[in-house]
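To keep things clear, I will list the structure first and then write my remarks on it.
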Amino acid sequence: QVQLVESGGGSVQAGGSLRLSCKVSGYTNNMKSMAWFRQAPGKQREGLAAVDSDDSTRYANSVKGRFTISMDSANNNLYLQMKSLKPEDTAMYYCAAASTHGSSYYIPPRVTEYNYWGQGTQVTVSS
């Protein structure tokens, strides 16, 4: 089993930055992909960024150039560095992991690609 625990969320003013972390534990060998999603109230969960087993990355257009995903494999930590935050970035942020994966890697990443999820960390951006 795999456990994912997010941290680093909080409240920030527009234009500010935050770094989210996701600690991965359990059977983590051979993860095919790791990703960050977010979900605002009343909206569907939205894929933001993914890093795949070949170290390639995928980003949603809405965050490309502002958000950076990275993986510290030695310590099993996934990060999302966020800058130039906007009020519309306010949401619950989730990390996700895929222990298996089909041949299609989508841009932006899709919920259906991932089979492990964390509980989320809240990000609130005020204007």
Side-chain angles (χ1 to χ4, degrees):
Q1 193 70 328
V2 174
Q3 294 82 42
L4 307 173
V5 180
E6 302 95 337
S7 62
S11 297
V12 64
Q13 288 192 326
S17 300
L18 280 174
R19 188 177 81 154
L20 305 183
S21 300
C22 176
K23 181 66 177 178
V24 187
S25 60
Y27 185 72
T28 60
N29 291 339
N30 296 320
M31 280 295 167
K32 304 304 181 186
S33 181
M34 301 285 299
W36 286 98
F37 289 76
R38 69 186 178 192
Q39 189 167 17
K43 294 189 176 181
Q44 291 189 334
R45 194 164 293 191
E46 172 190 14
L48 303 175
V51 55
D52 302 319
S53 57
D54 63 355
D55 293 331
S56 61
T57 55
R58 298 175 273 150
Y59 290 94
N61 287 337
S62 59
V63 303
K64 188 179 293 185
R66 297 191 300 126
F67 291 9
T68 303
I69 191 170
S70 60
M71 182 75 193
D72 176 0
S73 298
N75 296 299
N76 289 332
N77 287 313
L78 179 73
Y79 300 104
L80 185 69
Q81 178 67 51
M82 306 185 294
K83 65 179 183 180
S84 302
L85 284 163
K86 306 174 183 179
E88 52 263 43
D89 294 318
T90 295
M92 187 71 78
Y93 283 67
Y94 299 91
C95 71
S99 58
T100 63
H101 204 286
S103 59
S104 297
Y105 289 77
Y106 298 99
I107 298 175
R110 296 182 181 179
V111 169
T112 52
E113 295 181 64
Y114 299 90
N115 54 335
Y116 293 103
W117 294 86
Q119 294 299 305
T121 186
Q122 177 68 35
V123 172
T124 302
V125 184
S126 58
S127 58

Self-check item: Of all pairs that satisfy disulfide bond (SG atoms under 2.5 Å apart), the ones with a partner from residues 98-127, not counting sequence neighbours
Solution: none
Quiz item: Within a reach of under 6.0 Å around CD of Q122, are more than 12 heavy atoms found that belong to other residues, nucleotides or ligands?
Solution: yes
Quiz item: Can you find a side-chain donor-acceptor pair between S99 and N115 that sits under 3.5 Å?
Solution: yes
Self-check item: ring pair (Phe, Tyr, Trp, His ring centres under 6.0 Å) against Y79, all qualifying residues, sequence neighbours excluded
Solution: none
Exercise. Return the set of residues passing side chain to side chain contact (heavy atoms under 4.5 Å, CB included) with N61 (not counting sequence neighbours), or none when no residue passes.
Key: K64
Quiz item: Hey, what else clusters with Y59 if you join Ile, Leu, Val, Met, Phe, Trp, Tyr whenever side-chain heavy atoms sit under 4.5 Å?
Solution: V2, L4, V12, L18, L20, V24, M31, M34, W36, L48, V51, V63, F67, I69, M71, L78, L80, M82, L85, Y93, Y116, V123, V125
Quiz item: Within the distance-only criterion (no hydrogens, no angle test), does the side chain of D54 pair as donor or acceptor with the backbone N or O of S56 below 3.5 angstrom?
Solution: yes
Practice problem: Using the disulfide bond (SG atoms under 2.5 Å apart) rule, collect all pairs that involve residues 40-73, keeping only residues at least two apart or in two chains. | Solution: none
Quiz prompt | Co-members of F37 in a cluster of I, L, V, M, F, W and Y side chains, linked at under 4.5 Å | solution = M92, Y94, V111, Y114, W117
Quiz item: Which disulfide bond (SG atoms under 2.5 Å apart) pairs, counting each pair once, include a residue from residues 24-113, with sequence neighbours left out?
Solution: C22-C95
Quiz item: Quick one: salt bridge (Lys or Arg N to Asp or Glu O under 4.0 Å) pairs with a partner in residues 92-121, sequence neighbours left out?
Solution: R58-E113
Quiz item: How would you list, by chain and number, every residue that makes a salt bridge (charged side-chain N to carboxylate O under 4.0 Å, His left out) with E6, sequence neighbours excluded?
Solution: none
Quiz item: Which residue pairs pass the disulfide bond (SG atoms under 2.5 Å apart) test when at least one of the two sits in residues 96-127, sequence neighbours left out?
Solution: none
Practice problem: Under the salt bridge (charged side-chain N to carboxylate O under 4.0 Å, His left out) rule, collect the residues that match up with R66, sequence neighbours excluded. | Solution: D89
Quiz item: Can you name the residues that form a side chain to side chain contact (heavy atoms under 4.5 Å, CB included) with Q3, not counting sequence neighbours?
Solution: Q1, S25
Practice problem: Measure the spacing between OG of S53 and NZ of K32 and express it to the nearest 0.5 Å. | Solution: 6.0 Å
Quiz item: If every non-hydrogen atom of S84 is compared with every non-hydrogen atom of S17, which pair is closest and at what distance?
Solution: N-OG, 4.4 Å
